[in-house]
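Report on the structure given below.
Order of the sequence lines fixes the chain letters, A, B, ..., with proteins taken first and strands second; residue numbering starts at 1 for each chain.
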Number of protein chains: 2
Amino acid sequence: MFRIFSIFGKEFNFEAMARTKEFNEDQALDKAIEIFWHKGYNGTSAQDLVTHLGLSRSSLYDTFGDKQKLFVKSLQRYQQQNEESLKLLFENAENIKTALTEIFKQAVVESLQDRITKGCFMVNSAVELAMHDPEIGKIVHDNQKAVEEVFYQAIKKGQEYGQISDKQEARSLARFIFNNYSGIRVLARAGERDKQVYDDILKSIFALF
Amino acid sequence: MFRIFSIFGKEFNFEAMARTKEFNEDQALDKAIEIFWHKGYNGTSAQDLVTHLGLSRSSLYDTFGDKQKLFVKSLQRYQQQNEESLKLLFENAENIKTALTEIFKQAVVESLQDRITKGCFMVNSAVELAMHDPEIGKIVHDNQKAVEEVFYQAIKKGQEYGQISDKQEARSLARFIFNNYSGIRVLARAGERDKQVYDDILKSIFALF
DNA sequence: ATAATAACGGAACGATCGTTCCGTTATTAT
DNA sequence: ATAATAACGGAACGATCGTTCCGTTATTAT
């Protein structure tokens, strides 16, 4: 980007500008999330990425390094977006128990309407890659801890406000909620389209609160 | 296999035998289950199969057709074995609630001791392939219904015997149990090794019974 | 011993994989 | 207008993929 010429003791700070990128990196990442989410890491080819992101192979590799690095960036972006929206949801909620049920109802709606059932990108990646790629394993594990913590703080607050029964420990409930959320995403990914199945699960979960 | 010669009106029924297989087909399938379970479908190469099953490429293709057919056979075998052992467990159980907790405790033990965390072959396949391969999608869905039914019958029996609270519908509880079982298998696949996490989940689940 | 043939070992196939390379294009400070 | 250079398009790379092919081997009824 910069070149410094030193001639006769005088320095010339010369900067040359080059062609600008014709695409937005974050938009490209969002498209990468879409296709990795749908097809998985091993199921997505370099050609799939070129076609779906709409950039050339060279631009793709110049910008993101390689397929694995692009995947990692995509998963990290997905993680941040999800954690953020989860936090926001609880922050703006008047009633924690209602907020919790809303999260699950929303997951059910998504599971039923998804034409191409994608489930959850994080769950899919955990199953496919967590144990084979340490870097992704760490993202998955960190996400688990982070989401558990969001649930935990919310539930603890709910118990203090008397919105959630305190017969169960908040930590235990948070982990339980996380577990059922994973389960539902697997069910969706497996193609379950019977609303009654999801509703039955939700009924049992919230009998505990 | 058979050739019938008809010479001068007289029939000769000639049968020739050939070399016998040097491997047991079911044992080969068990090895295929192992490697597909560990690495997934797309993560397992033909070379992996040749190496791990210990047969030549030609024997592999002569016997099982192709990679997809071998995978389907492996998954079906796994399904049958699991459904069978689940049924047996409930049949021999004196107390249904105890049997249910045993199933989960066993899953936790497996999750913690697995050196190479494999999770559940059915859950892994559901996430990786159910929506991309209709044949596998059907196996996954049929398994879900079958296992749910085993849980349902067991829980109903448990409620009749007064071993399980009947505040919750048996159908609802069966689906709930299935969901948590999936969730725990994902957690294991994600590499969770903290026993407390699993125990917290189990504690919440069985607070409902 | 012979004939028939499936099982076997392993080389070879075309297709596709992820990645690199290279000539061209677009951009901007000079 | 020129110089510098990153972005671009797309051909090309070696490696690996799943699968097929073929000559050899082992088996058994005859």
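- We find that CG of A:D66 is positioned 14 Å from C1' of C:dC17, with the value rounded to whole Å.
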TODO: Fill in the dot-bracket string of DNA chain C, one character per base: . for unpaired, | for a pair to another strand, ( ) or [ ] for pairs within the strand, taking Watson-Crick or G-U pairs under 3.5 Å.
DONE: ||||||||||||||||||||||||||||||
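- For the side chain to side chain donor-acceptor pair (under 3.5 Å) test, residues two or more places apart in sequence or in another chain that qualify with A:R57 are A:Q47.
- Contacts between residues 54-61 of chain B and DNA chain D, counted as heavy-atom distances below 4.0 Å, involve B:R57, B:S58, B:Y61.
- Among residues two or more places apart in sequence or in another chain, the side chain to side chain contact (heavy atoms under 4.5 Å, CB included) test is passed with B:K138 by B:D142.
- One interatomic measurement links the two molecules: CZ of A:F64 to C1' of C:dT19, which rounds to 16 Å at whole-angstrom precision.
- A search for side chain to side chain donor-acceptor pair (under 3.5 Å) contacts involving B:H38 returns nothing, not counting sequence neighbours.
- Qualifying side chain to side chain contact (heavy atoms under 4.5 Å, CB included) partners for A:S59, counting only residues two or more places apart in sequence or in other chains: A:F23, A:L55, A:S56.
- Rounded to an integer number of Å, the gap from CD of B:E25 to C1' of C:dA7 is 13 Å.
- Distance CG (B:L49) to C1' (D:dT20): 17 Å, rounded to an integer number of Å.
- Ranking C:dT27, C:dA7, C:dC8 by closeness to the A:T20 side chain, first place goes to C:dT27.
- Residues meeting the salt bridge (charged side-chain N to carboxylate O under 4.0 Å, His left out) test with B:E102, sequence neighbours left out: none.
- For the segment residues 37-47 of chain B, no residue has any heavy atom less than 4.0 angstrom from an atom of DNA chain C.
- Atom NZ in A:K67 sits about 12 Å away from atom C1' in C:dT19, given to the nearest Å.
- The side-chain tip of A:K157 does not point at the ring of A:F90 from less than 6.0 angstrom away and within 45° of straight on.
- The residue among A:Q68 and B:D62 whose nearest nucleotide of DNA chain C lies closer to the 5′ end is B:D62.
- In this structure A:F104 satisfies the ring-ring contact (aromatic ring centres under 6.0 Å, His included) test together with A:Y181, A:F206, sequence neighbours excluded.
- In this structure, B:F23 places its CZ atom 10 Å from C1' of C:dC8, rounding to the nearest Å.
- Not counting sequence neighbours, the partners of B:A174 by the side chain to side chain contact (heavy atoms under 4.5 Å, CB included) test are B:E148, B:F151, B:Y152, B:I155.
- For the side chain to side chain contact (heavy atoms under 4.5 Å, CB included) test, residues two or more places apart in sequence or in another chain that qualify with B:D26 are B:N24, B:L29, B:R77.
- Put simply, CZ on B:F71 is 13 Å from P on D:dG18, counting in whole angstrom units.
- Ring-centre distance between B:F71 and B:F64: not below the 6.0 Å cut-off.
- When the salt bridge (charged side-chain N to carboxylate O under 4.0 Å, His left out) test is applied to B:K21, no partner is found at least two apart in sequence or on another chain.
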